[in-house]
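Letters A, B, ... mirror the listed sequences (proteins, then strands); counts begin at 1.
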2 protein chains.
Amino acid sequence: MRLTTKGRFAVTAMIDVALYGTNGPVTLAAVSERQKISLSYLEQLFGKLRRHGLVESVRGPGGGYHLARGTETVSVADIILAVDEPIDATQCGGAENCHDDRRCMTHELWAGLNEHIFTFLRSVTLAELVRQQQQKADVVVLKDHRGPAAAPRTPESAAR
Amino acid sequence: MRLTTKGRFAVTAMIDVALYGTNGPVTLAAVSERQKISLSYLEQLFGKLRRHGLVESVRGPGGGYHLARGTETVSVADIILAVDEPIDATQCGGAENCHDDRRCMTHELWAGLNEHIFTFLRSVTLAELVRQQQQKADVVVLKDHRGPAAAPRTPESAAR
DNA sequence: TTTTAGTTGACTAATCTACTCGGGAATAGG
DNA sequence: CCTATTCCCGAGTAGATTAGTCAACTAAAA
């Protein structure tokens, strides 16, 4: 379980598709426009998302992508695993060379913490993120205030 | 909040120091030996950990590193932030260029999810990981004696 | 004064990220 | 059939990050 901007891009894009895909497929060009993510990069990401059964594609004019499953059944973990693929960095590479020292803790330890984080990210569904996003959009609309400066909370302080 | 092997190395090393640092400082050479992490790489990581007030160093023979704070007050998030430093990958880089589209969701969205993950990693203390690790060590020692290891069998760690 | 250990900085190969580019292949509309 | 649209795929790439190495230095104990 890795956590980089790559996975975040993917999650953002998935939310976009969920938000705007209510009637007909969403084109990557539109996602690219709205989310300011490079089209070619999106193509790469959606290739993986499609191969992992998270989205389905429709070719030709009027085509695009739509979700393959309901938003309640898609978790953040699903999306991140789809684009970030393998990664598992326990020293001993899974088994063998824990050699003489029987307390080669690394493996067990990270398996445990990985599981923790994985379980958490698995508990966050796309549906929740979409709902959360829609609420925030509502607030913005109701306030009729543009510009990000007026954020009542400062959540980015936690991201430092 | 990023999550890579670098941070994992740091957490692993911190647990090692917590486990073996009950009487006197732990040398990086020893950590390197046990955890199979390159000594020079550890030097880099502990430089950061020290500058962030997570460990203290003792020079000269018999020296090494020891924890600067109790294991209960150190979270996984603390350690990861210490070695992974800045990172904040919201498209709009914090503010400005959300431009015309007022629903530049990325910022709020990731701030929120970041906060979630951060809160979670903050809730996992070094003490817990050490305890967990000791239990697993016990299981290995006791072999086929499963269960929650009722008798606190701690090899050389007097704990407190 | 020698040895042990941390401290610092410069350097590097390999990998990963976040793209671009160029071509396909399917399909809807005319 | 033609053409525009859109997905599809592979190759390539600048820049950052990872996971180190190497060398020189400082502090302290024996």
Side-chain angles (χ1 to χ4, degrees), chain A residues 2-13 17 20-21 24-33 35-52 54-68 80 83-91 93 106, chain B residues 2-13 17 20-21 24-33 35-52 54-68 80 83-91 93 106:
Chain A
R2 194 165 30 172
L3 205 52
T4 64
T5 55
K6 193 178 189 175
R8 290 169 214 249
F9 277 145
V11 175
T12 303
V17 171
Y20 294 94
V26 180
T27 69
L28 291 192
V31 177
S32 172
E33 251 292 298
Q35 307 305 332
K36 304 292 171 230
I37 304 172
S38 140
L39 177 58
S40 311
Y41 199 33
L42 279 176
E43 283 175 352
Q44 279 180 42
L45 297 181
F46 273 78
K48 292 185 176 188
L49 292 173
R50 185 175 52 82
R51 269 171 245 125
H52 280 81
L54 293 178
V55 295
E56 279 165 3
S57 61
V58 182
R59 286 178 159 199
Y65 287 93
H66 58 84
L67 299 182
I80 290 177
V83 298
D84 264 343
E85 297 264 21
I87 213 61
D88 169 49
T90 46
Q91 290 304 89
T106 328
Chain B
R2 195 162 31 171
L3 204 53
T4 64
T5 54
K6 193 177 187 175
R8 290 170 214 250
F9 277 144
V11 175
T12 302
V17 171
Y20 295 94
V26 180
T27 69
L28 292 191
V31 177
S32 173
E33 252 291 299
Q35 308 303 332
K36 303 291 172 231
I37 304 172
S38 139
L39 176 59
S40 311
Y41 200 33
L42 281 175
E43 282 173 354
Q44 278 181 42
L45 297 181
F46 273 78
K48 292 186 174 185
L49 292 173
R50 184 174 55 82
R51 268 172 246 124
H52 279 82
L54 293 178
V55 294
E56 279 165 4
S57 60
V58 181
R59 288 179 157 198
Y65 286 95
H66 60 84
L67 300 181
I80 290 177
V83 298
D84 263 343
E85 297 265 19
I87 215 57
D88 169 48
T90 46
Q91 289 304 87
T106 327

Whole-Å distance, B/Arg59 CZ to D/dA29 P, equals 12 Å
* To do: Verify the contact: side-chain N or O of B/Thr5 to OP1 or OP2 of D/dA19, cut-off strictly under 4.0 Å; return yes or no.
  => yes
Rounded to whole Å, CD of B/Gln35 lies from P of D/dA19 at a distance of 15 Å
Phosphate contact (C/dT20 OP1 or OP2) by A/Ser38 side-chain N/O below 4.0 Å: yes
Can you find an N or O donor on one side and an acceptor on the other, under 3.5 Å apart, linking the side chain of A/Gln44 with the base of D/dC9? no
Is the distance from OP1 or OP2 of C/dT17 to the nearest side-chain N or O of A/Arg2 less than 4.0 Å?
yes
Between A/Pro61 and B/Thr4, whichever has its closest DNA chain D nucleotide further toward 5' is A/Pro61
### Query
Touch check for A/Tyr65, heavy atoms < 4.0 angstrom, all strands: base, sugar-phosphate only, or nothing?
sugar-phosphate
Whole-Å distance, B/Glu43 CD to C/dA10 C1', equals 14 Å
Whole-Å distance, A/Lys48 NZ to D/dC9 C1', equals 13 Å
Output for pair (B/Arg50 CZ, B/Leu54 CG), nearest 0.5 Å, gives 12.0 Å
Rounded to whole Å, OH of A/Tyr41 lies from P of C/dC19 at a distance of 7 Å
Rounded to whole Å, CD of A/Glu56 lies from C1' of D/dT6 at a distance of 16 Å
With distance as the sole test, does B/Arg2 use its side chain to make a donor-acceptor pair with the main-chain N or O of A/Leu3 at under 3.5 Å? no
query = Contact class for A/Ser40 vs. all strands (heavy atom < 4.0 Å): base, sugar-phosphate, or nothing?
reply = base
Taken to the nearest whole Å, CZ/B/Phe46 to C1'/C/dG6 is 12 Å
CG (B/Leu28) and OH (B/Tyr41) are apart, to the nearest 0.5 Å, by 14.0 Å
From CG of A/Leu39 across to P of C/dC19 the rounded distance in Å is 12 Å
Notebook entry, point to check: Counting any heavy atom closer than 4.0 Å, what does A/Gly62 reach on the DNA or RNA strands: base, sugar-phosphate only, or nothing?
Noted result: sugar-phosphate
Contact class for A/Val55 (heavy atom, under 4.0 Å): base, sugar-phosphate, or nothing? nothing
So CD of A/Glu56 and CG of A/Leu67: to nearest 0.5 Å the spacing works out to 9.5 Å
Q. Does the side chain of B/Arg8 get closer than 4.0 angstrom to OP1 or OP2 of D/dT18 through an N or O atom?
A. no
From the candidates D/dC8, D/dA19, C/dC19, the one with an atom nearest any side-chain atom of B/Phe9 is D/dA19
Rounded to the nearest 0.5 angstrom, the CD1-CG distance for A/Ile37 and A/Leu45 is 7.5 Å
Using a 4.0 Å heavy-atom cut-off, does A/Gly64 contact any base of the nucleic acid, only the sugar-phosphate backbone, or nothing at all? sugar-phosphate
